[in-house]
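Per chain, numbering begins at 1; letters A, B, ... match sequence-line order. Nothing here was measured: the structure is a model prediction, and the numbers come from that model.
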Amino acid sequence: MGAEALAEEQLELAAAADAVLAVNPWRWPASGEPVPLLGGCFVAFAFGQAGPGHAGDGAWAAAITVFPPSGRSFHTEDEVVVAGSAGAAYVPGLLALREGPLLAAAIGALRRGPDLLLVDATGRDHPRGAGMALHLGAVLGIATIGVTRRPLLAEGPSPVQLRGASSPLLLGGLEVARWICTRSGASPVVAHAGWRTDPGTAAEIVMAASTPAARAPVPLREARRVARESRAVAEGRKRATFRA
DNA sequence: GCGACAG
DNA sequence: ATCTTGTCGC
């Protein structure tokens, strides 16, 4: 798939996301209903390539599931890493071209797919209304939210640095994401509406899946750690082979 | 021309 | 995203 095809698909996904959210929004289970499995994913790229990189860059995609979806202590249910390569260089608005296929493969390799997936990317905060977090959810049929350090296009003043504080991020007059402070004294992260989720739900999930001690939600921290661990092992092996 | 611009 | 040392704070 090329940039034009992706851009076209993103426009369709944005419309589909509105329709699905209207009739089938993700919601927290009522008491007695099964507790959802939470997922997280992350791509670590090979060392040495700063900047946007290139198609073919070495990459390790990790996907993990944690349980329960909220609380003080989480435990990892499953974790998997898929080694592969970047589909393209990074271009704002086209992140799915670079990371999408590898992330989908990693999530597909989990024994049991998550009910709710956290992705390091935006959702509705996107030039065509369909960032990679939303895209991945639509393709995999999993409710998703995005979590990033900063917005892509949306704007809004950040909240006070007190855990739980939040403020809206607007794009085209609509709220598409929310600043949310997960750790007092630390700058906030952005919780993005994704597939079957709105900004308020995204912010709730980020809070529920976060610990007061760390800025990033547990599933994303763990996925990042696991992906980097695999990269370290692979790069170490490569070096050993080279020296041998 | 220059800076901005998810990861 | 990735490259990076020490350093300040709870």
Side-chain angles (χ1 to χ4, degrees), chain A residues 3 6-7 10 13-14 17 40-63 83-104 106 117-137 144-156 158 161-163 169-171 176-195 197 199 202 206 211-217 220-221 223-232 234-235:
Chain A
L6 174 60
Q10 287 170 336
L13 287 169
C41 55
F42 183 86
V43 181
F45 291 97
F47 289 125
Q49 298 285 329
H54 306 85
D57 289 344
W60 291 262
S85 61
Y90 168 70
V91 174
L94 302 176
L95 179 61
L97 242 35
R98 180 165 173 79
E99 302 186 352
L102 208 52
L103 284 177
L117 178 68
L118 276 59
V119 185
D120 246 296
T122 71
R124 302 311 306 267
D125 173 19
H126 182 274
R128 288 165 295 280
M132 191 179 67
L134 186 156
H135 193 153
L136 222 39
T144 59
I145 66 166
V147 182
T148 63
R149 285 179 69 225
R150 56 184 190 279
L152 178 54
L153 297 175
E155 297 177 339
S158 35
Q161 295 189 357
L162 285 176
R163 176 169 162 85
L169 280 158
L170 278 53
L171 179 62
V176 294
R178 203 171 276 191
W179 284 117
I180 175 78
C181 178
T182 53
R183 178 188 181 172
S184 296
S187 45
V189 297
V190 182
H192 295 268
W195 187 245
T197 55
V206 168
T211 291
R215 206 157 84 94
L220 289 181
R221 275 212 335 269
R224 172 179 306 181
R225 187 185 62 72
V226 170
R228 288 180 169 172
E229 192 172 66
S230 287
R231 174 182 62 186
E235 301 274 73

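Separating the CG atom in A:Leu117 from the OG1 atom in A:Thr197 is a distance of 10.5 Å, to the nearest 0.5 Å. Note that CG of A:Leu169 and CD1 of A:Ile180 are 11.0 Å apart. Values are rounded to the nearest 0.5 Å. Atom-to-atom distance recorded for A:Asp120:CG and A:Met132:CE is 7.5 Å, nearest 0.5 angstrom. Taken from CG in A:Leu13 to CH2 in A:Trp195, the straight-line distance is 6.5 Å, to the nearest 0.5 Å.
Distance alone, capped at 3.5 Å, places no donor-acceptor pair between the A:Arg178 side chain and the A:Val190 backbone. Side-chain atoms of A:Arg98 never come within 3.5 Å of backbone atoms of A:Gly87 as a donor-acceptor pair (strictly under, hydrogens ignored). In this structure a side-chain-to-backbone donor-acceptor pair under 3.5 Å is missing from A:Asp57 to A:Ala86. Here the side chain of A:Arg231 pairs a donor or acceptor atom with the backbone of A:Phe45 at under 3.5 angstrom. Formation of a donor-acceptor pair under 3.5 Å by the A:His126 side chain with backbone atoms of A:Gly93 is found in this model.
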Identify all pairs in which a protein N or O lies below 3.5 Å from an N or O of nucleotides 5-7 of chain B, and state each distance.
from, atom 1, to, atom 2, distance (Å)
B:dA6, OP1, A:Arg150, NE, 2.6
B:dA6, OP1, A:Arg150, NH2, 2.5
B:dA6, OP2, A:Tyr90, OH, 3.0
B:dA6, N7, A:Gly93, N, 3.2
B:dA6, N6, A:Gly93, N, 3.4
B:dA6, N6, A:Gly93, O, 3.2
B:dA6, N6, A:Leu94, N, 3.3
B:dA6, N6, A:Leu95, N, 3.2
B:dA6, N1, A:Met132, N, 3.1
B:dA6, N3, A:Thr122, N, 2.9
B:dA6, N3, A:Thr122, OG1, 3.2
B:dG7, OP1, A:Arg149, N, 3.1
B:dG7, N2, A:Gly51, O, 3.3

**OP:** At under 4.0 Å between heavy atoms, which parts of nucleotides 5-10 of chain C does protein reach? Answer with one letter per nucleotide, 5' to 3': B base, S sugar-phosphate only, - none.
**Re:** ------
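Looking at A:Leu153, A:Leu152, A:Leu95 one by one, the single match for side-chain contact (heavy atoms from CB on, under 4.5 Å) with A:Thr122 turns out to be A:Leu152.
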Original post:
Under a cut-off of 3.5 Å for both distances of each Watson-Crick or G-U pair, what dot-bracket string does DNA chain C give, using [ ] for crossing pairs and | for inter-strand pairs?
Top reply: ..........
